[in-house]
Amino acid sequence: MNNTPSVEDFDVLIVGAGISGIGAAYHLQQQCPDKRYVILESQAGFGGTWRTHRYPGIRSDSDLFTFGYGFKPWMGKPIATAGEILSYMGEVIEENQLAQHIRYQHAIASAAWDSAAQRWSIEATNRATGEAVHIRAKFLWMCQGYYRHSEGYTPEWPGMANFKGMVVHPQTWPEGLDLTGKQVVVIGSGATAATLIPSIAGQCAHVTMLQRSPTFFITGRNANELADTLRQLDIPSEWTHEIVRRKVLFDQAAFVR
């Protein structure tokens with residue numbers, strides 16, 4: 001009796017079904033339609049960071065004209081909520097029949113290159129069943145992002161064990177957390193803090209941002225006047241998306257210089 005686990009062969013294995021992984025799958029299908037590919041995603045659904053993070057007010061920290069896909073014009077406001085981004089990604093998956101290529105709850109344990117076979121050998125686990133999964137691929141496309149989705153980083157500070165309050169990480173924000181009357185300290189001043197604080201300020205007694213170095217913000221409406229004007233003129237959505245994208249990139253480059 002042969003108990004050797006079966007091995008599946010693909011031309012391409014894409015790691016992650018977030019913004020990058022879904023975009024990679026679309027372009028692979030368009031440019032190399034003859035290639036067999038699979039997407040392994042450790043979470044229970046697509047979305048990457050937009051699925052992992054559930055803290056109040058979660059939204060993009062850059063405009064969707066540059067963050068979104070060039071092949072699917074963004075029709076909403078420049079800064080989008082996590083829910084809007086997930087909906088947008090869901091449309092991309094459905095419109096391009098990508099779902100059949102995605103395997104959720106598949107965590108990769110190792111990937112090794114076999115020079116003799118000219119293949120990657122990937123060992124993974126199907127978290128839903130506990131089964132081991134063995135895949136060979138000619139090309140390994142890493143679209144896993146930079147978050148450790150299983151557990152966000154929390155430093156150890158002296159005396160933390162004696163702290164009587166609650167320590168909450170954005171990646172594991174408790175559902176229904178009640179901050180009424182609480183004194184809250186948010187550590188950091190980046191995109192997460194800038195999103196979180198306005199969303200909880202009206203609930204808690206007081207909130208303090210504790211920052212190592214200052215972050216600079218520009219206030220403004222969540223709108224793009226050029227995009228609004230082009231839409232009013234009934235300019236094709238593909239043109240509008242590309243024109244606004246180029247204008248945003250031009251303005252950002254000029255601002256940085």
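As a basis for the values below, the full set of heavy atoms in this structure was taken, side chains included, without hydrogen atoms, waters or symmetry mates.
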- Which class fits the ring pair Trp50 and Phe67: parallel under 30°, tilted 30 to 60°, perpendicular over 60°?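 Ring orientation of Trp50 relative to Phe67: perpendicular.
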- Task: Check whether any side-chain heavy atom of Leu98 lies under 4.5 Å from a side-chain heavy atom of Tyr37, and answer yes or no.
- Result: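 Yes; the side chains approach each other to less than 4.5 Å.
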- So, does Thr229 use its side chain to make a donor-acceptor pair with the main chain of Glu225 at under 3.5 Å?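 Yes.
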- Please check if the side chain of His101 supplies one atom and the backbone of Ile39 the other of a donor-acceptor pair under 3.5 Å.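 Checked: no pair found.
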- Message: I need the minimum non-hydrogen distance between Ser60 and Ile79, along with the two atoms involved.
- Response: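 Minimum heavy-atom separation between Ser60 and Ile79: O-CG2, 3.4 Å.
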- CA sep, side-chain torsions, deciding dist, call: Lys77, Glu84, salt bridge (Lys or Arg N to Asp or Glu O under 4.0 Å): CA-CA 10 Å; Lys77 294 180 178 179; Glu84 291 169 334; over 6 Å; no
- Task: Answer yes or no: does atom CZ of Phe217 have more than 12 heavy-atom neighbours from other residues, nucleotides or ligands under 6.0 Å?
- Result: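 Yes, because the 6.0 Å sphere around CZ of Phe217 holds more than 12 heavy atoms from other groups.
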In residues 148-155, what donor-acceptor pairs under 3.5 Å come from side-chain atoms, sequence neighbours left out?
unit_1: Arg148; atom_1: NE; unit_2: Glu151; atom_2: O; d: 2.7
unit_1: Arg148; atom_1: NH2; unit_2: Glu151; atom_2: O; d: 3.3
unit_1: His149; atom_1: ND1; unit_2: Thr52; atom_2: OG1; d: 2.4

- Item | Distance flag, aromatic centroids of Tyr69 and Tyr88, threshold under 6.0 Å |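 Yes: the rings meet the under 6.0 Å criterion.
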- Are the ring centres of Phe71 and Tyr26 closer than 6.0 Å?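 Yes - the distance between ring centres of Phe71 and Tyr26 falls below the 6.0 Å cut-off.
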Spacing of [atom1] belonging to [X] relative to [atom2] belonging to [Y], to within rounding of 0.5 Å:
| X | Y | atom1 | atom2 | result |
| --- | --- | --- | --- | --- |
| Ile135 | Arg103 | CD1 | CZ | 5.0 Å |
| Cys32 | Phe139 | SG | CZ | 10.0 Å |
| Leu230 | Glu242 | CG | CD | 12.5 Å |
| Thr192 | Ile187 | OG1 | CD1 | 13.0 Å |
| Asp251 | Leu226 | CG | CG | 9.5 Å |

- Would Phe163 and Leu210 show up in the same hydrophobic cluster when neighbours are defined by side-chain heavy atoms closer than 4.5 Å?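 The answer is no; the residues belong to distinct hydrophobic clusters.
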- Message: Under the criterion salt bridge (Lys or Arg N to Asp or Glu O under 4.0 Å), I'd like the reasoning laid out for Glu41 against Arg51: C-alpha separation, chi angles, the key distance, then a yes or no.
- Response: CA-CA 12 Å; Glu41 168 57 57; Arg51 172 170 290 275; over 6 Å; no
- Item | salt bridge (Lys or Arg N to Asp or Glu O under 4.0 Å) between Asp11 and Lys138, worked out | CA-CA 5 Å; Asp11 293 303; Lys138 297 177 183 177; 3.3 Å; yes
- Task: Consider only side-chain N and O atoms of His134 and Glu123, and report whether a donor and an acceptor are under 3.5 Å apart.
- Result: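 The answer is yes; a qualifying pair exists.
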- Message: Could you check whether Arg36 makes a cation-pi contact with Phe10, meaning its NZ or CZ is under 6.0 Å from the centre of the six-membered ring and within 45° of the ring axis?
- Response: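 Yes, a cation-pi geometry.
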- Task: Would you sort out whether Tyr104 and Gln43 count as a side-chain contact (heavy atoms from CB on, under 4.5 Å), showing the intermediate values?
- Result: CA-CA 6 Å; Tyr104 296 115; Gln43 300 197 77; over 6 Å; no
